[in-house]
Amino acid sequence: MTRKLLCLTLSCLAALLFAPVASAAPDSAAPVRVAPEPSSVVTLPGQTFTLRPTTRIVAPAGAAETGQYLAGLLRPSTGFRLPVTSFGLPGDIRLDLGGPSSLGDEGYRLTVTALGVEIAAHASAGLYYGVQTLRQLLPAKVEARTVQSGPWTVRGVTVQDTPRYAWRGAMLDVARHFFPVAQVEQYVDLISMYKMNTLHLHLSDNDGWRIDINGWPRLARYGGSTDASRGPGGFYTQDDYREIVRYAASRHVTIIPEIDTPGHVTAALASYAQLNCDGVAPPLLNPGWSSLCVPLEVTYQWLDDVIGQLAELTPGDYIDIGGDEALTTSAADYRYFVDRVQGIVAAHGKKLMGWHQVEAADLTGSAVADYWGTAGSTDDEALAKVAQGRGNRLVLAPADKTYLDMKYDAQTPIGQDWAGYNGVQDSYDWDPATFVPGVAGDVAGVEAPLWTDVFPTWDDVQYMAFPRLPGIAEIGWSARSTHSWEGYRVRLGAQGERWDVMGVKYFRSPEVAW
Ligand code: TNX
């Protein structure tokens, strides 16, 4: 009797696990369409895995957070319980931190067979990226936040994947127009879906100051009270900022705060008269270029408070001091200023990052330069060479490739064109190793900046970032040997139905094979 029962139970289990799913099984001959392209993908013809109501997510202690994250992705659309447990059976999704050290912190191996799914990594960032790849192998409707009908079938595959560059970033300008915490967190989700790991926040500019600084309350309350459209502005409290940092860390994204200096500072100068050489505060939204008052000692006392508080709030290694377009600061003042601020950053235990113009000052070897020059710009390239000579690493954000505020083409209703049009292919078809000749070994990675001078809404941000941002993410992640526009435009096309389900307001560019 007992044996019969057991047998019944086992056969029931076997039926649950291995029953063929007739409809909607992925076509095992079709190419796997994942972005960024993994280092290696081998399909296992004839094998599929199907998520079931009984599937568990097996995650040992160190992997439990990633397990919960995966469960949170899959539960709403599947309606399955997907408990996160420390033991499991065939048919489960297994997260394993015992992967070889050759995978590094961010690499992973994903194996999908009829018997289950395994993601192996050496560190939790790798597990997280393995989850992102698994996510893209599931039907697009898995992105829905309401229960959908399955089947939730994944084709058999083994993926082995490690990144080309360790620095894969986005930048969001929350100074020209302010975006609340929830939207920044949505951006974190979207960039990390494409395996980007850094979000640089442009927290201050002429048009707005967006972070509350203790002891200097007017910076945020007055300096943050409007924006480039003369709208209501806004700012992050320090608790808001902590929440962004916490959320980003849960997605393996490091926040880099930027306070742009010594130019792009009208909002600060307007908030405190004492920061001005003549002691008179300019109006907010004063047109034209601005500069901090380099000879005034209070400039550095104030920056010590600002940088000190940001350093305290920011677990990442870098504080970005801007340094671009200081067009009303003399060259001598500029060098003096950056040298002093470099000391302040170091005194608070951080390393300096800045737009590549900071290389005009006397930087130490730990600084990182954000290169925003355009192709063949000899002045900019000369500064990149200075960076190289000092051992400063370069993050490549060339304006004519990565600037997401440039129009796609002449028809794009919003955006700028000073660096030309950045089509989807333009933003993908370049190589960070050769963009500035002769600096390949000093390139840390890439960044996709999204400036918001000329558009105010969150829909605008999404429209300009998608579908270009995944191309820059891929340039940062995928081996050069995988580079192919023809292949990429098809893999990118597969993201469209996912964005439709997620409600991402992307531009349906005719360049992409949707
Ligand atoms: C140049 S890029 C700037 C920004 C503008 C952007 C607009 C850089 C370091 N400075 O202040 O927002 O162009 O495209």
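Excluded from the calculations below are hydrogen atoms, water molecules and symmetry mates; all remaining heavy atoms, backbone and side chain alike, are included. For ligands, and for the atoms within them, numbers begin at 1 and follow the listed sequence. In this chain, residues are counted from 1 in sequence order.
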**OP:** Starting from atom 9 (C) of ligand 1, locate the nearest protein heavy atom and write down its residue, its atom name and how far away it is, to 0.1 Å.
**Re:** Asp324 OD2, 3.1 Å
Original post:
Is it true that Lys385 and Glu359 have a side-chain N and a carboxylate O under 4.0 angstrom from each other?
Top reply: no
Subject >> Contact atoms of ligand 1, heavy-atom distance to His264 under 4.0 Å >> reply: 11 (O)
**OP:** Give me the one residue out of Asp453, Asp405, Asp460 that meets salt bridge (charged side-chain N to carboxylate O under 4.0 Å, His left out) with Arg176.
**Re:** Asp453
Original post:
What atoms in ligand 1 come closer than 4.0 Å to a heavy atom of Gln416?
Top reply: 7 (C), 14 (O)
**OP:** Please work out which of the three classes, parallel, tilted or perpendicular, describes the rings of Tyr187 and Trp458, given edges at 30° and 60°.
**Re:** perpendicular
**OP:** Name the closest protein heavy atom to atom 5 (C) of ligand 1, giving the residue it belongs to and the distance to 0.1 Å.
**Re:** Asp453 OD2, 3.6 Å
**OP:** Considering the heavy atoms of Arg176, write down every atom of ligand 1 situated less than 4.0 Å from one of them.
**Re:** 4 (C), 5 (C), 11 (O), 12 (O)
Original post:
With a cut-off of 4.0 Å, which atoms of ligand 1 are near a heavy atom of Trp355?
Top reply: 9 (C)
Subject >> Interatomic distance, Arg210 atom CZ to Tyr236 atom OH [nearest 0.5 angstrom] >> reply: 8.5 Å
Original post:
Would one find an N or O of Trp451, backbone or side chain, under 3.5 Å from an N or O of ligand 1?
Top reply: no
Original post:
Any N or O of Trp372 that comes nearer than 3.5 Å to an N or O of ligand 1?
Top reply: no
Subject >> Nearest neighbour in protein (non-hydrogen) for atom 3 (C) of ligand 1 >> reply: Glu325 OE1, 3.5 Å
Original post:
Going by atom types alone, do Tyr506 and Asp500 pair a side-chain donor with an acceptor below 3.5 Å?
Top reply: yes
**OP:** Among all protein heavy atoms, pick out the one at the shortest distance from atom 2 (S) of ligand 1; state its residue, atom name and that distance to 0.1 Å.
**Re:** Tyr403 OH, 2.4 Å
Original post:
Does atom CD of Gln238 have more than 12 heavy-atom neighbours, drawn from other residues, nucleotides or ligands, at distances under 6.0 Å?
Top reply: yes
Original post:
Between Trp418 and ligand 1, does any nitrogen or oxygen pair lie at a separation below 3.5 Å?
Top reply: yes
Subject >> Side-chain ion pair, Asp239 and Arg246, N-O less than 4.0 Å >> reply: no
Subject >> SB check Arg491 Glu474 (cutoff 4.0 Å) >> reply: yes
Original post:
Would you call Met406 a ligand 1 contact, heavy-atom distance under 4.0 Å?
Top reply: yes
Original post:
Less than 3.5 Å between some nitrogen or oxygen of Asp405 and one of ligand 1, yes or no?
Top reply: yes
Original post:
Is the shortest side-chain N to carboxylate O distance from Glu143 to Arg135 below 4.0 Å?
Top reply: yes
